Amino acid sequence: MDDAGARPRDRGAFPPTRKSLGQHFLTDRRILGRIADALHLTGSETVLEIGPGRGALTDILAERAGRLIAIEYDRALAEILRERYARRGNVLIAEADVLTVNLGELAAGPYVLIGNVPYYITTPILFHALVPPRADRAVYLVQKEVADRLVASPGSKEYGALTVNVAAVARAESLFKVPAGAFSPPPKVESAVVRITPHATPLVAPEEERPFRTLVQNAFGMRRKQMRRVLRSIYNLDVEAADALLARAGIEGEVRPETLSPQDFARLLRAV
Ligand code: SAM
């Protein structure tokens, strides 16, 4: 624990920074405004915020949201925020680990999602938020490296299971970079803001999502092996059966998982 990040006027007002909870507080007001802008709020939406922290983004969202539910794991911070918004009927502070929260149930209707997320669980949060009922759109501040993976093209070194699983159900955009100096205390990495917007017609149906994820995860575990070999290993098939499956999906046996598009993986799943 350390309190290096607190501005002098914050000392005493906030508990010590807990780096183990990924607490890097964004202090640049212009960037905070741009992050909120990226959610395109009209004033009527239910907004779920992940990790409000000291409330820098929460303050802006409380002004712009129809209803705001902010989920904070740190008990002391949750308490401070609860007091701060006690008079605002449209703001609810939920003290919880976001990964244990059913976001759709909490929102109890259509919702949008936003968060300067804790970096130690960025990928689990992104996957958790893909579970239906999904947000109408989501804006996240993430490590730049994660933003690059979200928008990577097949064949690039950033392209992987995260890219494909997100692309199967949503469109990912990397909007702008955020330097480490915009945070207090600064993280060790550069950051970027991304927006995730679910497709009207996803490549995989809700009941296919779990087997799709397993297939994609297993395939990228062997990203440099040929697909014939990958499928034999995943589904315990002989060469003929693996080739028949690939033929049904219209995929060559010699290609590698890292070159397959999300559409290829969806066809492959159906061929299985
Ligand atoms: N939104 C604030 C800002 O922009 O300054 C804080 C961002 S900080 C990077 C991440 C926040 O997520 C911290 O407040 C941290 O306590 C909270 N957090 C960490 N793990 C969490 C979890 N599992 N569930 C909910 N919040 C969590």
Side-chain angles (χ1 to χ4, degrees), residues 1-7 9-10 13-39 47-65 68-85 91-103 105-107 111-129 131 135 138-147 175-194:
M1 290 205 190
D2 73 80
D3 198 15
R7 289 165 292 163
R9 67 186 171 87
D10 291 338
F14 291 111
T17 304
R18 294 173 69 183
K19 282 195 177 163
S20 62
L21 288 184
Q23 291 184 351
H24 297 276
F25 300 104
L26 191 53
T27 52
D28 186 312
R29 295 207 58 76
R30 197 181 60 88
I31 294 175
L32 285 158
R34 287 182 72 194
I35 295 173
D37 290 347
L39 203 52
V47 178
L48 262 56
E49 185 191 2
I50 299 170
R54 294 176 176 177
L57 185 59
T58 321
D59 283 345
I60 301 173
L61 297 171
E63 294 295 330
R64 299 189 190 178
L68 173 63
I69 306 173
I71 307 160
E72 174 56 59
Y73 185 68
D74 185 317
R75 170 163 301 175
L77 289 176
E79 242 173 64
I80 290 171
L81 294 179
R82 225 174 262 134
E83 272 173 37
R84 187 188 301 175
Y85 300 113
V91 180
L92 175 80
I93 306 297
E95 184 195 320
D97 170 0
V98 66
L99 297 178
T100 66
V101 174
N102 182 322
L103 301 173
E105 254 176 38
L106 183 63
Y111 66 102
V112 295
L113 189 59
I114 189 163
N116 294 346
V117 298
Y119 289 176
Y120 73 104
I121 44 170
T122 302
T123 310
I125 288 175
L126 293 174
F127 276 109
H128 184 59
V131 177
V139 169
Y140 304 104
L141 178 60
V142 297
Q143 303 91 313
K144 170 143 187 323
E145 169 249 325
V146 173
L175 302 178
F176 57 91
K177 286 194 283 186
V178 176
F183 296 85
S184 173
K188 289 202 172 70
V189 293
E190 263 212 298
S191 304
V193 175
V194 295

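Note that ligands are numbered from 1 as they come in the structure, with each ligand's atoms numbered from 1 the same way. Computed from a predicted model, the values in this text were never measured in an experiment.
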Next item on the list: Might you list the protein residues in contact with ligand 1, defined as having a heavy atom under 4.0 Å from one of its atoms, sorted by chain and number?
Entry: L21, G22, Q23, H24, F25, L26, E49, G51, P52, G53, I71, E72, Y73, D74, A96, D97, V98, N116, V117, P118, Y120, I121

Notebook entry, point to check: Excluding sequence neighbours, so at least two apart, what forms side-chain hydrogen bond (donor to acceptor under 3.5 Å, both in side chains) with Y111?
Noted result: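 Y111 satisfies side-chain hydrogen bond (donor to acceptor under 3.5 Å, both in side chains) with no other residue.
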
Check: Does a side-chain heavy-atom distance below 4.5 Å link R54 with D59?
Finding: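 No, every pair of side-chain atoms sits at 4.5 Å or beyond.
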
Next item on the list: Search all heavy atoms of A62 against all heavy atoms of Y85 and return the closest pair with its distance.
Entry: CB-CE2, 4.3 Å

Note to self: Under a 3.5 Å distance rule, please check whether H24 uses its side chain to pair with a backbone N or O of A182 as donor and acceptor.
What the structure shows: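 No, because the side chain of H24 does not come within donor-acceptor range (under 3.5 Å) of the backbone of A182.
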
Margin query: Regarding R64 and D37, does a basic nitrogen lie under 4.0 Å from an acidic carboxylate oxygen?
Written below: yes

Next item on the list: Taking atom types as modelled, find out whether T122 and Y140 have a side-chain donor-acceptor pair closer than 3.5 angstrom.
Entry: no

